[in-house]
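Numbered from 1 within each chain, the chains take letters A, B, ... in sequence-line order.
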Amino acid sequence: MGGGTEFHIEWEEERYPEGIKWKFLEHKGPVFAPPYEPLPENVKFYYDGKVMKLSTKAEEVATFFAKMLDHEYTTKEIFRKNFFKDWRKEMTSEEKSTITNLSKCDFTHMSQYFKAQSEARKQMSKEEKQKIKEENERLLKEYGYCVMDNHKERIANFKIEPPGLFRGRGNHPKMGMLKRRIMPEDIIINCSKDSKIPSPPPGHKWKEVRHDNKVTWLVSWTENIQGSIKYIMLNPSSRIKGEKDWQKYETARRLKKCVDKIRNQYREDWKSKEMKVRQRAVALYFIDKLALRAGNEKEEGETADTVGCCSLRVEHIKLHPELDGQEYVVEFDFLGKDSIRYYNKVPVEKRVFKNLQLFMENKQPEDDLFDRLNTSILNKHLQDLMEGLTAKVFRTYNASITLQQQLKELTNPDDNIPAKILSYNRANRAVAILCNHQRAPPKTFEKSMMNLQSKIDAKKEQLADARRELKSAKADAKVRRDEKSKKIEEQLMKLEVQATDREENKQIALGTSKLNYLDPRISVAWCKKWGIPIEKIYNKTQREKFAWAIDMAEEDYEF
DNA sequence: TACAAAACTTAGGAAAGGCAGA
DNA sequence: TCTGCCTTTCCTAAGTTTTGTA
């Protein structure tokens, strides 16, 4: 792997044979969702204007809907249709014959009850809140840790997802469906043979107990919406996740060494006589230049209609031979992961442009742009170019190299700490923009900006006062007054930096790139170089996740 | 080799926590 | 001490890649 052999020995005390993830694994199993508590008698459900007492099962599902009443999606046709269909499955035959129209269902009383409940929770006394906190801590202590080989490790998600209504992101065809309650009989336990096997809740048994040390999960079950498997795995601070993370960045650093060659290669391939090779080369160019995701095919009607690079359709791009004074502009407009819109106008090389024209010839808008390509073909090719290379490595590589470059460019040695941190955030922001990590502007954004502005105004006023006092002060008081002004000046500057940062961050989410794409050693090195406390860049959780990097990187670290 | 299933990483929003100023 | 706001943590969906199977 290079670059960190010493570290390797220190952090991975034992080597494992190929594919073996652990030798010993012991845990307590999952925590199940609390059982359903029926509503008090005085909370009513109405059908067609008349009070109706629901069976426990039907009532439980009704409460899921009632809790979502304020959300826009309970008004959506698909959501309502899916919900009603699944709800009816839980009804008794009498309920089924009575309740035939969702629009005649009145959940408002139930909804009010839940609102009152959550209000009451907020108003709880200190002691009551403390009691709940202690109970959570007990649960964490008992179920939140496992032993993997010689380490006690934190488990990420030891609580089983409670039942509820499925809400996918974007325009999901399954929104509103009932996510059923997971029982011990659904659960597969994975642990080592010689460990203390977790016991199922009284009166229940596990679906299966297995001892598979070729995988890292502790618990799995199959969810009923997509039929996919869900897992309980370890926290990012664990050895097994940390090592994998480190390995990911080492792969990206290997790409750095051969990326020029790969770029030359795909540029050559734009001229290939084979259509398949040309498509592959243009797609790879997009993945590299624009940090697009690979874009696997998805089953139609099972998920929201989103795409990545290989699954782009003709309707997702527009070609402009000339636009705003630039030649050969490609306009991208599509929904990517989580139905986040990707919109970008990009000048490309003439050859790319001509190829795109060729790929689009005689096609309908809904046809695949790269009809001779998929992620498996692309990744196979990448594997030939470099061992371990896959499409997503380009995102990691380009994100990390961009951070490193931007930090070099933006950091001003004369700046104070808040200004340097602003530069760091701007470098981080450049990456988030590259990776299209967006967020909905916070609901109170405008207000919060205004609050901050009035703080700034007040501080300016204070500064003016201080300066006036300084002017009129007697010689012996000048020094003290001057110090006071300086202090206020600094505070003002800090506030102004904060305002700039917040404004620039309105629609950008920095967390995702920080957590998943940026080699933490770059940040650690930057902190060391400029004497910035690491706590200013990484919070506690992040420091735990990146413990390996904090331990390892010196100020001269180069990605 | 192709396809499906399994495993694992990446993602944004909601809820909870905690802290500063009233 | 309370309130309101920002930060952190939780939650779990939605991707990518790897593995298994015929």
Side-chain angles (χ1 to χ4, degrees), chain A residues 19 21 68 71 118 121-123 126 129 132-133 136 140 156-162 164 166-170 172 174-175 179 188 190 212 214-217 220 222-223 225-236 240-241 244-245 247-248 251 287 292-299 302-304 306-311 335-340 374-380 382-383 388-396 399 432 435-445 447-448 451-452 455 458 498 502 507-517 538-542 544:
Chain A
K21 306 288 168 61
M68 295 174 138
H71 268 109
S118 82
R121 224 169 300 131
K122 275 185 221 154
Q123 300 302 324
K126 226 184 215 164
K129 281 182 182 167
I132 290 174
K133 202 176 163 191
N136 285 336
L140 174 68
N157 54 327
F158 59 91
K159 288 180 184 156
I160 298 282
E161 297 169 20
F166 175 81
R167 172 63 177 119
R169 317 267 167 82
H172 198 116
K174 299 195 172 184
M175 66 170 89
K179 230 174 82 160
I188 302 175
N190 192 35
D212 183 356
K214 303 224 180 16
V215 296
T216 66
W217 54 267
S220 77
T222 303
E223 54 88 30
I225 304 292
Q226 317 278 354
S228 66
I229 305 171
K230 299 251 181 168
Y231 302 92
I232 292 181
M233 291 185 185
L234 297 194
N235 196 72
I240 204 156
K241 293 290 183 191
K244 197 83 190 294
D245 207 35
Q247 200 178 73
K248 173 180 79 184
T251 304
I287 284 171
L292 300 189
R293 296 187 184 83
N296 289 297
E297 301 107 297
K298 308 166 69 184
E299 212 173 324
E302 293 293 300
T303 60
T306 63
V307 297
C309 185
C310 294
S311 51
L335 297 182
K337 181 177 180 177
D338 292 323
S339 293
I340 298 291
N374 59 41
T375 54
S376 152
I377 295 172
L378 178 66
N379 279 335
K380 233 165 253 156
L382 293 176
Q383 194 60 235
L389 186 61
T390 60
K392 85 185 180 85
V393 179
F394 282 87
R395 251 168 103 81
T396 311
C435 294
N436 200 40
H437 291 143
Q438 299 188 34
R439 62 164 183 177
K443 286 191 177 60
T444 54
F445 185 82
K447 202 169 100 194
S448 118
N451 285 162
L452 195 49
K455 268 191 194 172
Q498 203 186 343
R502 194 177 296 175
Q507 307 201 62
I508 311 285
L510 298 187
T512 303
S513 52
K514 202 182 222 179
L515 238 44
N516 301 298
Y517 289 103
Y538 291 136
N539 68 30
K540 185 166 146 279
T541 317
Q542 294 165 338
E544 280 165 10

Q: Using heavy atoms to find the nearest nucleotide of DNA chain C for A:Gln226 and A:Lys214 separately, return the residue whose nucleotide is more 5′.
A: A:Gln226
Q.
Please compare A:Asp212 and A:Arg121 by the position of their nearest nucleotide in DNA chain B and report the one closer to 5'.
A. A:Asp212
Q: Please work out if A:Pro236 contacts a base, only the sugar-phosphate, or nothing of the nucleic acid, heavy-atom cut-off 4.0 Å.
A: nothing
Q) For B:dC8, does OP1 or OP2 lie under 4.0 Å from any side-chain N or O of A:Lys248? A) no
Q. Atom CD1 in A:Ile287, atom CG in A:Leu382: separation rounded to 0.5 Å?
A. 7.5 Å
**Q.** Rounded distance in Å - CG (A:Asp245) to C1' (C:dT16)
**A.** 15 Å
Q. Which nucleotide, C:dA14, B:dC8, C:dT12, lies nearest any side-chain atom of A:Met233?
A. B:dC8
Q: Would you mind reading off the distance between A:Ile229 atom CD1 and B:dA4 atom P, rounded to a whole angstrom?
A: 15 Å
Output a table of nitrogen or oxygen pairs between the protein and nucleotides 11-14 of chain B separated by less than 3.5 Å.
residue	atom	partner	partner atom	Å
B:dA11	OP1	A:Arg293	NE	3.4
B:dA11	OP1	A:Arg293	NH2	2.8
B:dA11	OP1	A:Arg395	NH2	2.8
B:dA11	OP1	A:Tyr517	OH	2.9
B:dA11	OP2	A:His437	NE2	3.1
B:dA11	OP2	A:Tyr517	OH	3.1
B:dA11	O4'	A:Lys337	NZ	3.4
B:dG12	OP1	A:Gln438	N	3.4
B:dG12	OP2	A:Thr512	OG1	2.7
B:dG13	OP2	A:Ala440	N	3.3

Q: Please name the pair of heavy atoms, one in A:Arg293 and one in A:Arg395, separated by the smallest distance, quoted to 0.1 Å.
A: NH2-NH2, 3.2 Å
Q) Which is true for A:Gly336 with a 4.0 Å heavy-atom rule: it touches a base, it touches only sugar-phosphate, or it touches nothing? A) sugar-phosphate
Q.
A:Asn157: which residues meet the side chain to side chain donor-acceptor pair (under 3.5 Å) condition with it, sequence neighbours left out?
A. none
Q | Under-4.0 Å side-chain N/O to phosphate OP1/OP2 contact, A:Lys179 with C:dA13 | A | yes
Which protein N or O atoms sit under 3.5 Å from an N or O of nucleotides 17-19 of chain C?
residue	atom	partner	partner atom	Å
C:dT17	OP1	A:Thr390	OG1	3.0
C:dT17	OP1	A:Ala391	N	3.2
C:dT17	OP1	A:Lys392	N	2.7
C:dT17	OP2	A:Asn379	ND2	2.8

(Q) Rounded to whole Å, how long is the line connecting atom NE2 of A:His172 with atom P of C:dT12? (A) 16 Å
Q.
What's A:Lys122 touching, base or sugar-phosphate or nothing? Going by heavy atoms closer than 4.0 Å.
A. nothing
**Q.** Non-hydrogen atoms of A:Phe166 and A:Lys174 that approach each other most closely
**A.** CD2-O, 3.4 Å
(Q) Below the 4.0 Å mark, does B:dC8 have OP1 or OP2 next to a side-chain nitrogen or oxygen of A:Lys244? (A) no
Q) Counting just side-chain N and O atoms, does A:Lys298 come under 4.0 Å of either OP1 or OP2 of C:dG15? A) yes
Q. Base, sugar-phosphate, or nothing: which does A:Gly308 touch, judged by heavy atoms less than 4.0 Å apart?
A. nothing
Q. When you check the side-chain N and O atoms of A:Lys241 and A:Thr216, is any donor under 3.5 Å from an acceptor?
A. no
(Q) Under 4.0 Å, heavy atoms only, any strand: does A:Tyr231 hit a base, just the sugar-phosphate, or nothing? (A) base
(Q) At less than 4.0 Å, is any side-chain N or O atom of A:Thr216 found next to OP1 or OP2 of B:dA7? Yes or no. (A) no
Q. So what does A:Lys514 hit on the nucleic acid, given a heavy-atom distance under 4.0 Å: a base, only sugar-phosphate, or nothing?
A. nothing
